[in-house]
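Structure first, then comments.
As the structure is a prediction and not an experimental result, all values here were calculated from the model. We count residues from 1, following the sequence as given.
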Amino acid sequence: MAPLIVLFGTFVVLYVIDRYVLSGRLSRSFIGRASMAIMLIVTGISHFTNTQQMVEIMPEAMPAKTGLVYFTGVCELLAVVGLVWNRTSRLASILLIVFFIAVLPANIAGSLKSVQFGGMENGPLYLLFRIPVQILFIWWVWYFGLRKKGGSAGVTG
């Protein structure tokens, strides 16, 4: 739930700042990508602060779980830079969509194991929330990072 609050809250704050302080200098694409980037800072850092819980959500057959948790945390933090830098935003968006698809099995496994982390303690019922949220994240990155833009992909003129 916290990632959603960060994503939507950041979007609203950036939109209001752009409209009332910056007089519309930021593109909606940039605002959306920046909002996702801030959410990824929060979730990426959690890979280093909640490592053990993230290890527990991974499927049993996964090797080198701790290393994978750190690796995915680094991937999320690198995606932050990729999303907000116009030259790399398209590639970062594509890779982030692949990433969101790739980590979904860990969220499914965690909820099936009822891991005490991020709502997964609710068991399989959590998937009724988590899978749509993952689809939302994928859509968000596609919408703000990949769809054809009618102007600048970042800060406008």
Side-chain angles (χ1 to χ4, degrees), residues 1-18 26 28-146 154-155:
M1 183 64 105
L4 273 179
I5 293 169
V6 171
L7 181 65
F8 289 128
T10 302
F11 186 85
V12 168
V13 168
L14 290 175
Y15 181 82
V16 168
I17 289 170
D18 179 54
L26 301 177
R28 295 301 165 261
S29 172
F30 181 79
I31 292 171
R33 288 183 286 116
S35 299
M36 176 59 71
I38 291 170
M39 184 201 85
L40 289 171
I41 290 170
V42 172
T43 59
I45 289 171
S46 74
H47 285 245
F48 301 95
T49 60
N50 297 312
T51 306
Q52 187 54 44
Q53 292 94 330
M54 295 221 178
V55 165
E56 290 175 25
I57 73 170
M58 296 176 80
E60 296 302 324
M62 293 294 288
K65 292 178 186 175
T66 302
L68 283 172
V69 169
Y70 290 142
F71 174 73
T72 55
V74 168
C75 287
E76 289 186 18
L77 295 173
L78 288 174
V80 168
V81 176
L83 285 173
V84 297
W85 192 28
N86 287 337
R87 289 183 171 200
T88 58
S89 65
R90 186 167 179 77
L91 176 60
S93 295
I94 292 167
L95 294 174
L96 198 50
I97 288 170
V98 171
F99 176 82
F100 283 143
I101 293 167
V103 299
L104 186 57
N107 289 294
I108 293 170
S111 68
L112 293 176
K113 295 191 284 185
S114 298
V115 173
Q116 299 295 309
F117 181 67
M120 292 180 202
E121 60 273 8
N122 295 313
L125 190 59
Y126 173 71
L127 295 175
L128 296 175
F129 171 75
R130 182 58 185 168
I131 291 174
V133 166
Q134 202 76 1
I135 292 168
L136 170 71
F137 292 160
I138 291 166
W139 173 86
W140 188 283
V141 172
W142 170 82
Y143 185 82
F144 291 108
L146 292 176
V155 179

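One finds the CE atom of Met36 at 8.5 Å from the OG1 atom of Thr43 (value rounded to the nearest 0.5 Å). Ser46 OG to Met54 CE: the interatomic distance, rounded to the nearest 0.5 Å, is 3.0 Å. Here the straight-line distance linking atom CD1 of Ile108 with atom CZ of Arg130 works out to 10.0 Å at 0.5 Å rounding. Rounding to the nearest 0.5 Å gives a distance of 11.0 Å between CG of Leu78 and CG of Leu40. Expressed to the nearest 0.5 Å, how far CG of Leu96 lies from OG of Ser89 amounts to 11.5 Å. One distance of note links CD1 of Ile135 with CG of Leu104; it measures 8.0 Å at 0.5 Å rounding.
Scanning all heavy atoms of the two residues, the minimum distance from Ile97 to Val141 falls at CG1-CG1, 3.8 Å. Between Gly32 and Trp140, the shortest heavy-atom distance links the atoms O-NE1, 2.9 Å. Minimum interatomic distance between Pro105 and Pro59 (heavy atoms only, all atoms of both residues): O-CG, 4.2 Å. Summarising the geometry of Val80 relative to Ala37, their closest heavy-atom pair is CG2-O, 3.3 Å, with the distance given to 0.1 Å. Among all heavy-atom pairs drawn from Ala79 and Ala92, the shortest one is O-CB, 4.5 Å.
Counting only heavy atoms from C-beta outward, the side chains of Ser93 and Leu83 approach each other to under 4.5 Å. Counting heavy atoms from C-beta outward, His47 and Phe71 have side chains that stay 4.5 Å or more apart. By the 4.5 Å heavy-atom criterion applied to side chains, Ile138 and Phe99 are not counted as neighbours. At a threshold of 4.5 Å between non-hydrogen side-chain atoms, the residues Leu128 and Leu125 count as touching. For the pair Tyr126/Phe129, a side-chain contact is recorded, criterion being any heavy-atom separation below 4.5 Å from C-beta on.
Using modelled atom types, no side-chain atom of Lys65 and backbone atom of Ile57 make a donor-acceptor pair closer than 3.5 Å. No donor-acceptor pair closer than 3.5 Å links the side chain of Thr10 to the backbone N or O of Leu7. A donor-acceptor distance shorter than 3.5 angstrom exists from the side chain of Arg90 to the backbone of Leu146, with no hydrogens or angles considered.
Taking a 6.0 Å sphere around CZ of Phe48, one finds it holds more than 12 heavy atoms contributed by other residues, nucleotides or ligands.
Looking at Leu14, Val13, Val12, Ile17 one by one, the single match for side-chain contact (heavy atoms from CB on, under 4.5 Å) with Ile31 turns out to be Leu14.
Using a 30° and 60° split on the angle between ring planes, Phe11 and Phe144 fall in the tilted class, from 30° to 60°.
Taking the six-membered ring wherever Trp is involved, the centroid distance between the rings of Phe100 and Trp142 does not fall below 6.0 Å.
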Take Asp18 and Arg28 through the test side-chain contact (heavy atoms from CB on, under 4.5 Å) and record every step on the way to the result.
CA-CA 9 Å; Asp18 179 54; Arg28 295 301 165 261; 3.1 Å; yes
